[in-house]
Visitor: 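Before I ask anything, here is the structure I am working with.
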There are 2 protein chains.
Amino acid sequence: MSGNGEETLGTIDRAATISEVAALAGVSPGTASKALNGRGALRPETRRRVQEAAEQLGFVANAAARSLQAGRTYTVGMITTDSIGRFSIPLLIGAEDALGAGQVSVFLCDARDDPIREQYYLRTLLGRQVDGIIVTGRRTQARPPIGRSLPVPVVYAFISSTDPADCSVVPDEADGARRAIEHLLAIGRRRIAHVTGPEHHHSATVRASAAMQAISSAGLEPAAPVLFGEWSEAWGRQAAGILLSTEAEVDAVFCGSDQIARGLAEALQESGRPVPNDIALVGFDNWDVMVDGCRPALTSIDMDLEGIGRTAAELLLAAINGDPAHGRRALPGRLIPRASTAVHPA
Amino acid sequence: MSGNGEETLGTIDRAATISEVAALAGVSPGTASKALNGRGALRPETRRRVQEAAEQLGFVANAAARSLQAGRTYTVGMITTDSIGRFSIPLLIGAEDALGAGQVSVFLCDARDDPIREQYYLRTLLGRQVDGIIVTGRRTQARPPIGRSLPVPVVYAFISSTDPADCSVVPDEADGARRAIEHLLAIGRRRIAHVTGPEHHHSATVRASAAMQAISSAGLEPAAPVLFGEWSEAWGRQAAGILLSTEAEVDAVFCGSDQIARGLAEALQESGRPVPNDIALVGFDNWDVMVDGCRPALTSIDMDLEGIGRTAAELLLAAINGDPAHGRRALPGRLIPRASTAVHPA
DNA sequence: AGCGTCAGGGCAATCGTTTTCCTTCTGTTT
DNA sequence: AAACAGAAGGAAAACGATTGCCCTGACGCT
């Protein structure tokens, strides 16, 4: 719009090659390469001339040519084994964060929980000579390795591999559950119940047993046996009914997910049991739309998914650079206190 | 596990080259290439021999080498201008769907609403010689083109470009709003109100004016002036109070988002105005967690984001193949009826 | 003056695939 | 039997960037 033809990146019609840059600067392609990459012994003036020529032509090195000769693509693949969803996004963002800083790009593949697609994508990624692969997916339990003795390093994020030699980064769910219980104890609650997802779901059982243990460690009994169900608001509402129909005298509920907690909160309030005064509530996931939409706003455990993505990416970079890590790393979560466990509710 | 060393993709330690395949098959690299790509005139037996050799070595063609010579990378970039979120995911899935079938991979870049990052990613993508770029982002209003006369085609998805020569694929929000109103009219409602997001938000005003127009076309008046606020449950609850405090006699509310509708639903029920008997409710977005979590389940407008992503990808592929499209394409949405507008509620 | 040294920069190989010519050989036709 | 057509496959260039090696001057030293 300003009238000249040199706005940022505006006038590139086709990619310029380094030979064209070299010609414009009056040097050979090899010299131009050295000038732009800061190698070789060149007069400062030559270097500058080449840089100016590159600027003028909007030169960006052809990544294919570069990786062909370098044997590295500065690219990693990310395979989400189940569909890209609420959990994958923060992981992706975290990973992108760690990788983007190092000029590494991410190929995202959605395997949709289909092993065929997964193998297909794996081949594709290997064909594209990615430098490494991050495997992620909703966590039910450890998954079999995506392949054996692959030519590139692999890091599992959020989900973990059954092979202990593989590198996995996962949330410390037991730790999260403990934090929830400890928080409830700290605000003076003593009759704590736990409502969570399906019993066959790994996360549900891990969180449940850690919660029960934390209660025992405090010298208490759970106010009710663990209620396993689904990861839904509907189940939360249903569970509220169950808890209230018993003589359990519950004064706090730790829920296996924010959705469950939200359903519970609604049902409790409707039954005239105010939250948090009568019953305090802690959720799990710290899912913004749930914790904010819930009334009162929901105290929850944040698994730091971005941190997991970032850590996985960092470990992958280290592995690419020849320093592979092994085993499972469990990252601690945080408890985010909100009104549902407020001591002096507004 | 089966004892031999040939499980799927299990034993690749380093990528085999086509020369190795050729050597194993006893032919030249050129011939091997022809055999694997189905060109040239080769004896069927030779072709088979090469294919077997490739299989045996787990050969996957080096994409860098291939694109270097082909001048195409079979890769497209996807830049989300605001953070990857609820809207970007279905778009991404739709795009991946259309592209994956054609063996094209997607580079995902999250520009986080930062123009600097955006330009940086653009450069990166161009350096990687992507064949095309899809630009997406939360929709407020048309955005300036990401660059001018770029060396590769660009398609805007969900968001649109201010340059009419650019190709944009967007939801037809006015159409969606009309469908909502027509549905409410069809179930016999006559006093319809509209509650939506901020007035400065393009989507809010487009939906609002289309809704008002649809009401007028039916020879009716809106039951209340449009209530502009935020895209939140809290605003929905607040708006319910406003509507009930007037003498408006509302019998249906069309909401600009599912979140608003859910807040409204809660507040209405608490005030003893059952949904849908007293007041019917239609949301917008068809966001699973909202429409299912809402009680009663929420009728909503689905913008078919996956379809938008898929269409954008198809148009991009066409443009890459030399057949560029121009202008704005608005895709119709669908109304998904649920209990909140049921004629005979359960 | 002659030799050595080093800065500066050009040359050419290299990465792995594809593709365009060629060459060779077989079989057919006149 | 000679000539030709076609099939089958090999040789080599090309894609674009990088890099090790070599060449050419200029300068300094004896």
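Naming: A, B, ... by sequence-line order, numbering from 1 per chain. Hydrogens, waters and symmetry mates play no part in the numbers below; they use all other heavy atoms, side chains included.
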Visitor: Are the side chains of A:Leu36 and A:Gln51 in contact, using a 4.5 Å heavy-atom criterion?
Guide: yes

Visitor: Calculate the interatomic distance between A:Glu45 atom CD and C:dG9 atom C1'; express it in whole Å.
Guide: 13 Å

Visitor: Using a strict 4.0 Å threshold on nitrogen-to-oxygen distance, state whether A:Asp114 and A:Arg112 make a salt bridge.
Guide: no

Visitor: Tell me which residues in residues 48-55 of chain B lie within less than 4.0 Å of DNA chain D, going by non-hydrogen atoms.
Guide: none

Visitor: Roughly how many Å is it from CG in A:Leu42 to P in C:dA7, rounded to a whole number?
Guide: 12 Å

Visitor: Using a 4.5 Å cut-off on heavy atoms from C-beta on, say whether the side chain of B:Val152 contacts that of B:Asp131.
Guide: no

Visitor: Identify whether any heavy atom of A:Thr46 sits under 4.0 Å from a base atom; if not, whether one sits that close to sugar-phosphate; answer base, sugar-phosphate or nothing.
Guide: sugar-phosphate

Visitor: With heavy-atom distances below 4.5 Å as the criterion, would you say the side chains of B:Asp166 and B:Val154 are in contact?
Guide: no

Visitor: Tell me: CD of A:Glu20 to P of D:dC15, nearest whole Å?
Guide: 11 Å

Visitor: Just how far, in rounded Å, is C1' of C:dC25 from CZ of B:Arg43?
Guide: 11 Å

Visitor: Would a distance-only check, ignoring hydrogens and angles, find a side-chain to backbone donor-acceptor pair under 3.5 Å from A:Ser168 to A:Ser161?
Guide: yes

Visitor: Does a side-chain heavy-atom distance below 4.5 Å link A:Leu92 with A:Leu108?
Guide: yes

Visitor: Evaluate the criterion side chain to side chain donor-acceptor pair (under 3.5 Å) for residue pair A:Thr75 and A:Arg128; output intermediate values, then yes/no.
Guide: CA-CA 9 Å; A:Thr75 296; A:Arg128 290 182 181 277; over 6 Å; no

Visitor: By nearest nucleotide on DNA chain D, pick out whichever of B:Ala41 and B:Leu68 is the more 5' one.
Guide: B:Ala41

Visitor: Considering only heavy atoms from C-beta outward, does the side chain of B:Met78 approach that of B:Leu91 to under 4.5 Å?
Guide: yes

Visitor: Using the C1' atoms of five pairs at each end, what's the angle between the two axes of the helix from C:dA1-D:dT30 to C:dT30-D:dA1, to 10 degrees?
Guide: 70°

Visitor: May I ask you to check if B:Arg72 and B:Tyr74 form a cation-pi contact, with NZ or CZ under 6.0 angstrom from the six-membered ring centre and within 45° of the axis?
Guide: yes

Visitor: Taking protein heavy atoms under 4.0 Å as touching, what does nucleotides 17-26 of chain D look like 5' to 3' if B marks base contact, S marks sugar-phosphate-only contact and - marks none?
Guide: SBBB------

Visitor: Got A:Tyr156 and A:Ile146 here, is their nearest side-chain heavy-atom distance under 4.5 Å?
Guide: yes

